[in-house]
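Worksheet: the structure to be examined is printed underneath.
Here the structure is a predicted model, which is why all the values come from computation and not from measurement.
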Amino acid sequence: MLGVVVTETLYRAHPDLSEGRLAKLRAAVVNARALAEVARKIGLGQYIKLGRGEETTGGREKASILSDTVEAVIGAVHLSAGMETSAQVVHLLFDPLLEAASAMGAGLDWKTSLQELAAEHSLGVPEYVIQDDGPDHAKTFTAQVRVADKLYGNGTGRSKKEAEQGAAETAYGEIFTAVSTPADATD
């Protein structure tokens with residue numbers, strides 16, 4: 001239900017965008033991180049019934065649990081109230097994210113944007129160097145990205161993906177500046 005409403009909304013709002021750009025916008029909104037953000041915004045975590053283990057390890061703030069719960073709530077609304085009501089709920093919860101995603105540009109997915117930038121300038125495929133610290137239930141990941149045999153960026157997060165996105169974002173800025181400066185200097 002979420003995917004259908006978001007896809008239709010994006011297509012109607014941005015009929016001029018390419019299929020690839022629309023897919024990036026959709027992916028920026030229909031993903032575990034975005035769903036968890038929505039759950040946190042509405043305080044959904046306090047209503048989740050958890051087992052003792054999840055309760056003691058911070059399950060009410062885990063992105064995977066929060067995102068699954070948002071999907072379950074949307075599914076329950078759909079089953080009990082139908083398509084129109086569930087679409088209204090999706091719009092209420094996700095329209096702000098759709099608007100923000102439309103304005104983000106390269107930031108929709110920093111890893112993809114970095115890969116595209118590296119390909120455009122024949123720098124090779126970015127490779128991520130990941131380290132982790134802490135106990136299994138509360139790990140912190142740090143990442144850097146190697147592009148053309150040089151390390152760039154620095155990202156941290158509670159997951160490898162989050163750390164890689166952070167590293168890709170800072171690396172994108174560093175590499176974009178480096179590849180843009182020579183062209184700008186000749187203008």
Side-chain angles (χ1 to χ4, degrees), residues 1-14 17-48 50 54 57-79 83 86-118 125-128 130 132 137-143 145 153-173:
M1 187 64 221
L2 173 63
V4 169
V5 173
V6 168
T7 301
E8 182 178 349
T9 301
L10 287 170
Y11 182 74
R12 290 183 187 277
H14 306 286
L17 292 181
S18 70
E19 182 181 345
R21 179 77 173 141
L22 287 170
K24 281 186 181 182
L25 285 170
R26 182 184 183 281
V29 176
V30 183
N31 66 62
R33 190 180 73 225
L35 269 70
E37 182 181 317
V38 166
R40 288 184 185 103
K41 183 177 177 186
I42 64 172
L44 190 58
Q46 66 183 326
Y47 300 103
I48 302 171
L50 298 172
E54 285 295 345
T57 61
R60 293 186 190 287
E61 286 301 313
K62 284 186 181 174
S64 60
I65 291 173
L66 291 172
S67 64
D68 287 349
T69 304
V70 169
E71 287 180 320
V73 168
I74 292 168
V77 170
H78 180 68
L79 291 175
M83 180 86 115
S86 57
Q88 289 173 349
V89 169
V90 169
H91 283 296
L92 179 69
L93 296 176
F94 290 89
D95 279 357
L97 286 176
L98 284 167
E99 291 172 22
S102 295
M104 284 182 72
L108 284 172
D109 178 2
W110 287 111
K111 287 178 66 175
T112 300
S113 296
L114 176 61
Q115 189 169 354
E116 290 169 352
L117 180 67
V125 177
E127 296 178 38
Y128 293 86
I130 309 286
D132 62 68
H137 68 278
K139 282 208 183 295
T140 299
F141 295 90
T142 58
V145 60
N154 190 14
T156 60
R158 301 274 305 184
S159 69
K160 289 179 183 178
K161 185 174 182 178
E162 186 179 345
E164 288 173 349
Q165 283 289 341
E169 179 179 1
T170 55
Y172 183 95

Full working for side-chain contact (heavy atoms from CB on, under 4.5 Å) between Phe94 and Leu35: CA-CA 9 Å; Phe94 290 89; Leu35 269 70; 4.1 Å; yes
Pair Leu25-Leu98, side-chain contact (heavy atoms from CB on, under 4.5 Å): steps then yes or no: CA-CA 8 Å; Leu25 285 170; Leu98 284 167; over 6 Å; no
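Taking all atoms of both residues into account, the shortest heavy-atom contact from Arg26 to Gly3 is NH2-CA, 3.3 Å. Between Ala167 and Ala143, the shortest heavy-atom contact is CB-O, 3.4 Å. In terms of heavy atoms, Leu50 sits closest to Gly59 at CD1-C, 3.9 Å. The minimum heavy-atom distance linking Gly157 with Ala163 is given by the pair N-CB, 4.0 Å. The two residues Thr170 and Gly153 make their nearest non-hydrogen contact at OG1-CA, 2.8 Å.
Among residues at least two apart or in separate chains, salt bridge (Lys or Arg N to Asp or Glu O under 4.0 Å) pairs with a member in residues 2-13 are Glu8-Arg12. Residue pairs meeting the side-chain hydrogen bond (donor to acceptor under 3.5 Å, both in side chains) criterion with at least one member in residues 88-98, sequence neighbours excluded, are His91-Asp95.
A search for side-chain hydrogen bond (donor to acceptor under 3.5 Å, both in side chains) contacts involving Arg158 returns nothing, not counting sequence neighbours. For Thr57, the side-chain hydrogen bond (donor to acceptor under 3.5 Å, both in side chains) test picks out no residue, with sequence neighbours left out. Residues passing the salt bridge (Lys or Arg N to Asp or Glu O under 4.0 Å) test with Lys161: none are found, sequence neighbours excluded. Under the salt bridge (Lys or Arg N to Asp or Glu O under 4.0 Å) criterion, Arg60 pairs with Glu55, not counting sequence neighbours. Shown here are the side-chain hydrogen bond (donor to acceptor under 3.5 Å, both in side chains) partners of Thr156, two or more places apart in sequence or in another chain: there are none. Scanning for side-chain contact (heavy atoms from CB on, under 4.5 Å) contacts around Leu92 gives an empty result, with sequence neighbours left out. Partners of Glu127 by salt bridge (Lys or Arg N to Asp or Glu O under 4.0 Å), not counting sequence neighbours: none found. Lys139 meets the side-chain hydrogen bond (donor to acceptor under 3.5 Å, both in side chains) test with Asp132, Asp136; sequence neighbours excluded. Residues satisfying the side-chain contact (heavy atoms from CB on, under 4.5 Å) criterion with Ala168, sequence neighbours excluded, are Trp110, Lys111, Leu114, Tyr128.
Here the side chains of Thr142 and Ile130 are not in contact, with every heavy-atom distance at 4.5 Å or above. Counting heavy atoms from C-beta on, the side chains of Lys41 and Pro96 come closer than 4.5 Å. Residues His14 and Leu22 meet the side-chain proximity criterion, which asks for heavy atoms closer than 4.5 Å. Two residues are said to be in side-chain contact when any heavy atoms from C-beta on lie closer than 4.5 Å; Tyr47 and Ile42 fail this criterion.
Here CZ of Arg21 is found 8.0 Å from OG of Ser18. Values are rounded to the nearest 0.5 Å. Expressed to the nearest 0.5 Å, how far CG of Leu2 lies from CG of Leu93 amounts to 9.0 Å. Here CD of Glu116 is found 8.5 Å from OH of Tyr172. Values are rounded to the nearest 0.5 Å. Considering NZ of Lys24 and CG of Leu10, their distance stands at 14.0 Å, rounded to 0.5 Å. The CD atom of Glu61 sits 9.0 Å away from the CD1 atom of Ile48 when rounded to the nearest 0.5 Å.
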Got a list of side-chain donor-acceptor pairs under 3.5 Å for residues 65-79, not counting sequence neighbours?
residue	atom	partner	partner atom	Å
Ser67	OG	Ala63	O	3.0
Ser67	OG	Ser64	O	3.1
Thr69	OG1	Ile65	O	2.7
His78	ND1	Ser86	OG	3.2

